Amino acid sequence: MKFNKMSKTILVTGGAGFIGSNFVPYFCEKYPEYKVINLDKLTYAGNLDNVKECEDMPNYEFVQGDICDAEFIEHLFAKNDIRGVIHFAAESHVDNSISGPRAFVNTNIIGTFNLLEAARKLWMSAPNQYKADYEGCRFHHISTDEVYGTLGNEGMFEETTPYAPNSPYSASKASSDFLVRAFHHTFGMNVTTSNCSNNYGPKQHNEKLIPKIISNCLNEKPLPIYGKGENIRDWLYVLDHCKAIDLIYHAGKAGETYNVGGRNERNNITIVKTICAILDAKRPRPNGKKYEELITYVQDRAGHDFRYAIDATKLETELGWKADENFDTGIVKTVEWYLK
């Protein structure tokens with residue numbers, strides 16, 4: 001396909017990471033009229049194998065680069081006449097933010113600022129004034145429920161919940177959310193933000209809980225569980241999240257935040273035992289024992305938030321989004337993907 005002047009070029013950052021690499025093939029296939037540039041630094045968490053299915057798509061291009069490099073980003077916007085941004089790129093592993101917080105400040109705060117500033121310069125001539133032909137340009141920012149802090153046994157995070165981040169990771173994401181908000185209120189930039197709960201599904205890096213447990217089971221290694229495994233998360237299947245982002249990017253109201261959650265709360269020990277039971281049925285241990293016997297409890301993570309739960313009512317009622325997977329269906333699909 002040749003791209004004419006009517007075609008829009010959309011920049012997706014972090015498209016070789018977990019959520020981005022599920023989003024990019026879905027987006028390229030659904031919108032053949034868009035040219036999609038996948039920008040990724042290819043750190044340890046990014047893998048081009050994750051987007052192999054895009055290589056032959058005529059509307060897809062991969063660019064390796066760092067959002068922390070302001071000059072590079074500005075050149076990328078100008079050269080490709082970027083008309084929309086869907087911003088996934090982030091350092092996201094809480095344990096890594098405890099051992100090395102600087103990378104989180106650089107990527108999540110400075111990197112987001114560089115993207116916003118490049119978009120503002122290309123799209124806008126003055127505060128609240130888009131250049132002719134750039135009026136439809138939008139910047140969508142993907143964030144996390146961790147910016148809201150922690151919950152007790154009751155209640156859910158809503159879009160109006162005050163921010164109270166507790167880790168260097170969540171503090172850096174909160175900062176980036178505020179920058180996006182400020183570019184809307186100060187400059188009139190067309191922005192949207194989504195804050196999601198824990199994602200799971202194909203292509204996730206094995207430092208995260210679900211792939212780590214699957215991998216350790218299959219390699220007969222101990223299954224490390226923080227504390228007593230009582231920490232609770234709301235789990236969202238990654239493709240449901242991709243569909244929500246697509247909807248918010250195209251139909252969300254400028255300046256608004258939308259929470260994306262799966263309404264699937266589980267504590268960590270339940271997650272682990274569920275995976276063990278699925279693997280007992282699908283790939284039994286050679287010695288005949290149960291995978292559950294590999295569970296070991298380890299010292300709890302510093303500043304470990306007890307519970308996250310997202311209220312996605314705004315997204316469901318205003319934009320008509322609904323999760324297609326519940327945890328019981330999604331976790332089976334996920335385990336089967338890793339087994340393959």
Side-chain angles (χ1 to χ4, degrees), residues 13-14 17-20 41 43-46 67-68 87-113 141-153 155-181 193-200 204-213 224-236 238 241 257 259-262 265-269 271-272 297-311:
T13 71
F18 166 43
I19 305 172
K41 189 181 176 185
T43 62
Y44 78 95
I67 60 172
C68 296
H87 175 37
F88 292 95
E91 293 283 350
S92 70
H93 193 45
V94 177
D95 286 351
N96 293 348
S97 83
I98 296 167
S99 58
R102 185 179 300 277
F104 288 72
V105 171
N106 287 339
T107 300
N108 299 352
I109 303 175
I110 306 298
T112 301
F113 170 75
H141 173 61
I142 289 105
S143 189
T144 170
D145 58 359
E146 297 190 38
V147 297
Y148 299 122
T150 187
L151 290 165
N153 291 319
M156 299 176 95
F157 295 134
E158 298 173 3
E159 288 82 1
T160 52
T161 301
Y163 275 32
N166 290 321
S167 70
Y169 161 58
S170 54
S172 67
K173 288 300 287 185
S175 304
S176 65
D177 294 6
F178 287 147
L179 279 170
V180 173
R181 176 189 163 88
T193 297
S194 54
N195 296 76
C196 69
S197 57
N198 276 34
N199 279 225
Y200 70 100
Q204 190 167 23
H205 192 276
N206 64 9
E207 69 186 359
K208 303 286 186 166
L209 176 68
I210 288 175
K212 185 174 197 162
I213 295 302
I225 309 295
Y226 284 127
K228 295 177 182 171
E230 291 170 351
N231 300 72
I232 297 166
R233 301 291 180 262
D234 172 21
W235 292 90
L236 174 66
V238 65
H241 186 199
T257 291
N259 280 349
V260 192
E265 285 187 57
R266 300 285 190 283
N267 65 21
N268 288 345
I269 193 64
I271 298 285
V272 174
Y297 294 94
V298 299
Q299 185 180 350
D300 207 354
R301 166 195 279 165
H304 197 177
D305 291 333
F306 173 64
R307 174 174 167 259
Y308 308 137
I310 280 268
D311 184 349

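The structure presented is a predicted model; accordingly, all values stated were derived computationally and were not measured.
Put simply, the side chain of Asn268 reaches to within 4.5 Å of the side chain of Leu209, judged on heavy atoms. Inter-residue side-chain proximity for Ile210 and Trp235 is flagged as met; some heavy-atom pair is nearer than 4.5 Å. Tyr200 places none of its side-chain heavy atoms less than 4.5 Å from the side chain of Lys208. Residues Pro224 and Lys212 are in side-chain contact: their nearest non-hydrogen atoms beyond the backbone lie under 4.5 Å apart. The closest side-chain heavy-atom distance from Ile269 to Glu230 is not below 4.5 Å. The shortest distance between side-chain heavy atoms of His87 and Ile67 falls below 4.5 Å.
What you find for Glu159 and Thr257 is that their closest heavy atoms are CG-O, 3.3 Å. Taking each heavy atom of Ala90 and Thr107 in turn, the nearest pair found is CA-CG2, 4.0 Å. In terms of heavy-atom proximity, Leu151 sits nearest to Phe306 at O-CD2, 3.5 Å. The two residues Ala174 and Pro165 come nearest to each other via the heavy atoms CB-CG, 3.9 Å. The shortest non-hydrogen separation linking Glu146 to Tyr308 is OE1-OH, 3.2 Å. Across all non-hydrogen atoms, the minimal contact from Ala45 to His205 is CA-CD2, 4.0 Å.
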Open item on the list: With side-chain hydrogen bond (donor to acceptor under 3.5 Å, both in side chains) as the criterion, how do Glu207 and Tyr44 come out once you've worked through the C-alpha distance, each side chain's angles and the decisive distance to 0.1 Å?
Closed with: CA-CA 10 Å; Glu207 69 186 359; Tyr44 78 95; 3.0 Å; yes
Open item on the list: Does Asn231 form a side chain to side chain contact (heavy atoms under 4.5 Å, CB included) with Asn267? I'd like the steps, not just the answer.
Closed with: CA-CA 5 Å; Asn231 300 72; Asn267 65 21; over 6 Å; no
Open item on the list: Using the rule given for side-chain hydrogen bond (donor to acceptor under 3.5 Å, both in side chains), can you reason through Tyr148 versus Asn166, listing the C-alpha separation, both sets of side-chain angles and the distance that settles it, and then say yes or no?
Closed with: CA-CA 9 Å; Tyr148 299 122; Asn166 290 321; over 6 Å; no
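Partners of Ser167 according to the side-chain hydrogen bond (donor to acceptor under 3.5 Å, both in side chains) rule, which considers only residues two or more places apart in sequence or in another chain, are Ser170. Judged as a side-chain hydrogen bond (donor to acceptor under 3.5 Å, both in side chains), and not counting sequence neighbours, the contacts of Asp177 are His141, Ser143, Tyr163, Asn195. Residues passing the side-chain hydrogen bond (donor to acceptor under 3.5 Å, both in side chains) test with Glu265 are Arg307, sequence neighbours excluded.
The one candidate from Ile142, Asp145, Leu236, Asp234 that meets the side chain to side chain contact (heavy atoms under 4.5 Å, CB included) condition with Val260 is Leu236. For the side-chain hydrogen bond (donor to acceptor under 3.5 Å, both in side chains) with Ser172, the qualifying choice from Thr112, Asn106, Asn108 is Asn108, the only one to do so.
Under the 3.5 Å distance criterion, with hydrogens and angles disregarded, no donor-acceptor pair is assigned to the side chains of Glu91 and Tyr169.
Atom NE2 in His241 sits 4.5 Å away from atom OG in Ser194 (nearest 0.5 Å). Taken from SG in Cys196 to CD1 in Ile310, the straight-line distance is 7.5 Å, to the nearest 0.5 Å. Summarising the geometry, atom OG1 belonging to Thr144 is positioned 7.5 Å from atom CG belonging to Asn198; distances are rounded to the nearest 0.5 Å. Within the model, atoms CZ of Arg233 and CG of Asn199 stand 13.5 Å from one another, a figure rounded to the nearest 0.5 Å. Between Glu158 atom CD and Thr160 atom OG1 the span is 5.0 Å, to the nearest 0.5 Å.
In the displayed structure, Arg181 atom CZ is contacted under 6.0 Å by at most 12 heavy atoms of other residues, nucleotides or ligands.
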